[in-house]
Structure formats: structure tokens, C-alpha cells
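Order of the sequence lines sets the chain letters (A, B, ...), proteins ahead of strands, with each chain counted from 1. Only a predicted model underlies this, so the values are computations on that prediction, with no experimental measurement involved.
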Amino acid sequence: MRYKRLPRTFFDRPTVTVAQELLGKTLVFQNHRGRITETEAYIGQDDPACHAARGLTPRTKPMFGPPGFSYIYFIYGMYFCLNIVTEEQGFPAAVLIRGLLHEDGTHYNGPGKLCRALGLTKEQNEIDMITSKELYVLDTPAWTDFDATPRIGIKQGLDKYWRFVVRKEVLQPQKNSVKSLS
DNA sequence: TCAACGATCGTCT
DNA sequence: GACGATCGTTGAT
């Protein structure tokens, strides 16, 4: 089975919808690939936790651009975080990729660890993930069994339940079947 | 120019 | 649970 890459229309939708439906999709960067297990939505200038809340700056410029582009920023002096821009050009919003189940079996929890493992840096900021040959998302089956919680590591916007994480049973589907054999 | 802070993580208590 | 590492971005001077 050969999976197609997600088209721009996938990202040109409400950010919460995109964040939820990205769970289970396959992120590809160079020789790495893994399925997305955890996302967060950051939506517009009315969301106080969104980097774009205080307007357009050099850093947040990608968020104001077309959907389907990467937005990678440097944080805490040592980590990068990967986002994918959503919604129409001019409306600043993006989905933060927080968790990835690598095809080698490693589950990366946390945006900083994920980017470090894959080698994602500012070099990959503002890449068009619809046309790029090194950074894109494949349309593998979605995981629809997930929880919604407040976002992590922020001090404002905690009333919004815009973090989406697949339930851990999804990540160990073989456990029940093993038990039923005995 | 300057100082405070941050969508994190590992280590220590 | 608390804290330090480490530095680019930002808004204020």
C-alpha cells in the first residue's frame, strides 16, 4: 500500500479539526518517518497562548502565510519545535507536533525531543510541506481514539482544550490479542 | 542597546 | 515538585 501525501486542502481548514485528524498521519523528514501521536492547536490573534497573539513579527511570519508550511522556532536556548501552518493565508494559526511514534519503535514524547531525534532545526523553517521532497506528511489512517486536554507549558489560554493525544491503548494494540491466546 | 522571558527537558531533592 | 541550562526573540529604553 502506497500512501499519498496530504494535500494543501487538508491544512486549509479549522485548526482544531486539522490537529485532531493529524493523529495517526505519518510525518516524513529525510530518512525518518513516524506516526503523529500528540498535537496542539494555536489559533489566531485572540488566542493568548499563540505566538501570533501580539501580531506579525519576524519569527511568527510563517504562521501568517499559506497553510501546509512548516513553522519551526527555537525555544529555551536549546530546543526546536515543529508546527504546521493551518487555515487561509493571512490568518495566523498552526498545529504543534508534540508526539511521534517512530517506525523504529521509539515513541518520542515532547516537541523538543522529537525535533532533536529527527534533526529538525531552523533550517527547516517555512518549508512548503505540500511540495518538499524532504519534509511532508503521508495520509496514513487516522487514530480517532484520543483525549482533549489543556495545552502544555503555557500560562494563558488554559481554558482551551486544544491538546489532542491518542490513548495509550492505541499504541499497544497487540496486548489484548496476546492475552486472548492463553 | 538591554533585560526578561519562553508552546522544554533532564536532573536533583 | 523544584530548578538550572542556554540563547534567540521581543518589547521597552
Side-chain angles (χ1 to χ4, degrees), chain A residues 6 10-11 13-25 27 29 32 34-102 104-127 129 135 137 143 146-168 171:
Chain A
L6 290 179
F10 180 92
F11 301 100
R13 295 185 297 159
T15 306
V16 167
T17 302
V18 175
Q20 293 173 341
E21 295 191 10
L22 272 175
L23 298 173
K25 304 303 179 188
L27 177 71
F29 175 55
H32 296 286
R35 297 181 72 186
I36 297 167
T37 63
E38 185 178 340
T39 60
E40 284 179 0
Y42 288 88
I43 310 175
Q45 297 189 259
D46 293 332
D47 174 9
C50 182
H51 283 172
R54 268 157 276 178
L56 175 64
T57 67
R59 180 178 62 155
T60 62
K61 182 168 72 74
M63 290 189 94
F64 288 80
F69 277 68
S70 62
Y71 167 47
I72 299 181
Y73 63 89
F74 187 60
I75 191 69
Y76 296 121
M78 47 175 85
Y79 297 106
F80 294 96
C81 292
L82 168 67
N83 300 250
I84 306 176
V85 176
T86 59
E87 313 212 23
E88 78 267 15
Q89 180 162 9
F91 184 87
V95 174
L96 171 69
I97 309 299
R98 289 191 60 89
L100 196 74
L101 180 60
H102 199 282
D104 71 7
T106 312
H107 188 199
Y108 295 103
N109 296 306
K113 285 187 284 185
L114 187 159
C115 285
R116 190 184 56 193
L118 269 57
L120 287 165
T121 70
K122 203 127 184 100
E123 296 295 305
Q124 283 75 42
N125 186 36
E126 214 167 4
I127 283 179
M129 298 177 69
L135 181 64
V137 184
W143 281 323
F146 59 84
D147 292 312
T149 80
R151 291 165 291 178
I152 304 295
I154 57 173
K155 291 174 177 170
Q156 297 176 62
L158 292 170
D159 55 317
K160 312 284 200 305
Y161 281 46
W162 287 348
R163 170 176 176 252
F164 307 104
V165 51
V166 298
R167 297 212 173 95
K168 59 174 180 284
L171 304 179

So what stems show up for DNA chain C if we need 3 or more Watson-Crick or G-U pairs in a row, all under 3.5 Å?
B:1-6 with C:7-12, B:8-12 with C:1-5

Roughly how far apart, to the nearest Å, are dT6(C) and dC2(B) at atom P?
23 Å

Sugar-phosphate atoms are those with a prime plus P, OP1 and OP2; base atoms are the rest. Using that split, label each nucleotide of nucleotides 6-13 of chain C B, S or - for protein heavy atoms under 4.0 Å, 5' to 3'.
BBSSSS--

Spacing of D147(A) atom CG and R163(A) atom CZ [to the nearest 0.5 Å]:
8.5 Å

Which residues, if any, of residues 111-118 of chain A bring a heavy atom under 4.0 Å of DNA chain B?
P111(A), G112(A), K113(A), R116(A)

DNA chain B contacts among residues 40-49 of chain A, heavy-atom distance under 4.0 Å:
Y42(A), A49(A)

Pairwise side chain to side chain donor-acceptor pair (under 3.5 Å) hits with a residue in residues 82-92 of chain A, at least two apart
T15(A)-T86(A), T15(A)-E87(A)

Listing, residues 41-51 of chain A side-chain donor-acceptor contacts under 3.5 Å, not counting sequence neighbours, or none:
from, atom 1, to, atom 2, distance (Å)
Y42(A), OH, E40(A), OE1, 2.7
D47(A), OD1, A49(A), N, 3.1
D47(A), OD1, R151(A), NH2, 3.1
D47(A), OD2, I43(A), N, 3.1
D47(A), OD2, R151(A), NH1, 2.7
H51(A), ND1, Y71(A), OH, 2.8

Any ring-ring contact (aromatic ring centres under 6.0 Å, His included) involving residues 75-94 of chain A? Give me the pairs, sequence neighbours left out, ordered by first then second residue.
F74(A)-F80(A)

Residues in residues 89-99 of chain A with a heavy atom under 4.0 Å of DNA chain B, by number, are L96(A), R98(A)

side-chain hydrogen bond (donor to acceptor under 3.5 Å, both in side chains) partners of R116(A), counting only residues at least two apart:
none

Distance check, rounded to the nearest 0.5 Å: E21(A) atom CD versus F11(A) atom CZ?
11.0 Å

Side-chain donor-acceptor pair present, T106(A), D104(A), cut-off under 3.5 Å:
yes

If I pick the P atom on dA4(B) and the same atom on dG4(C), what distance separates them, to the nearest angstrom?
16 Å

Sequence neighbours excluded, every pair satisfying salt bridge (charged side-chain N to carboxylate O under 4.0 Å, His left out) that has a member inside residues 63-82 of chain A
none

Interatomic spacing from CG in L27(A) to CG in L82(A) - rounded to 0.5 Å
6.0 Å

Go through the structure and list residues passing salt bridge (Lys or Arg N to Asp or Glu O under 4.0 Å) with K113(A), not counting sequence neighbours.
none

Given atom CD1 of I154(A) and atom P of dA7(B), what is their separation to the nearest angstrom?
8 Å

What integer distance in Å separates H51(A):NE2 from dC5(B):P?
15 Å

Just so I know, are the side chains of V18(A) and F10(A) near enough to count as touching, which here means a heavy-atom distance under 4.5 Å?
yes

With rounding to the nearest 0.5 Å, note down the distance linking OG1 in T39(A) to CZ in F164(A).
6.5 Å

Could you tell me which non-hydrogen atom of E38(A) sits nearest to which non-hydrogen atom of L23(A), and how far apart they are?
N-CD2, 3.6 Å

Side chain to side chain donor-acceptor pair (under 3.5 Å): pairs with one or both residues in residues 59-70 of chain A, sequence neighbours excluded
T57(A)-T60(A), K61(A)-E126(A)

Find the distance I152(A):CD1 to dC9(B):P and express it as a whole number of Å.
10 Å

Please report the shortest heavy-atom distance between P58(A) and P62(A), naming the atom on each side.
O-CD, 4.5 Å

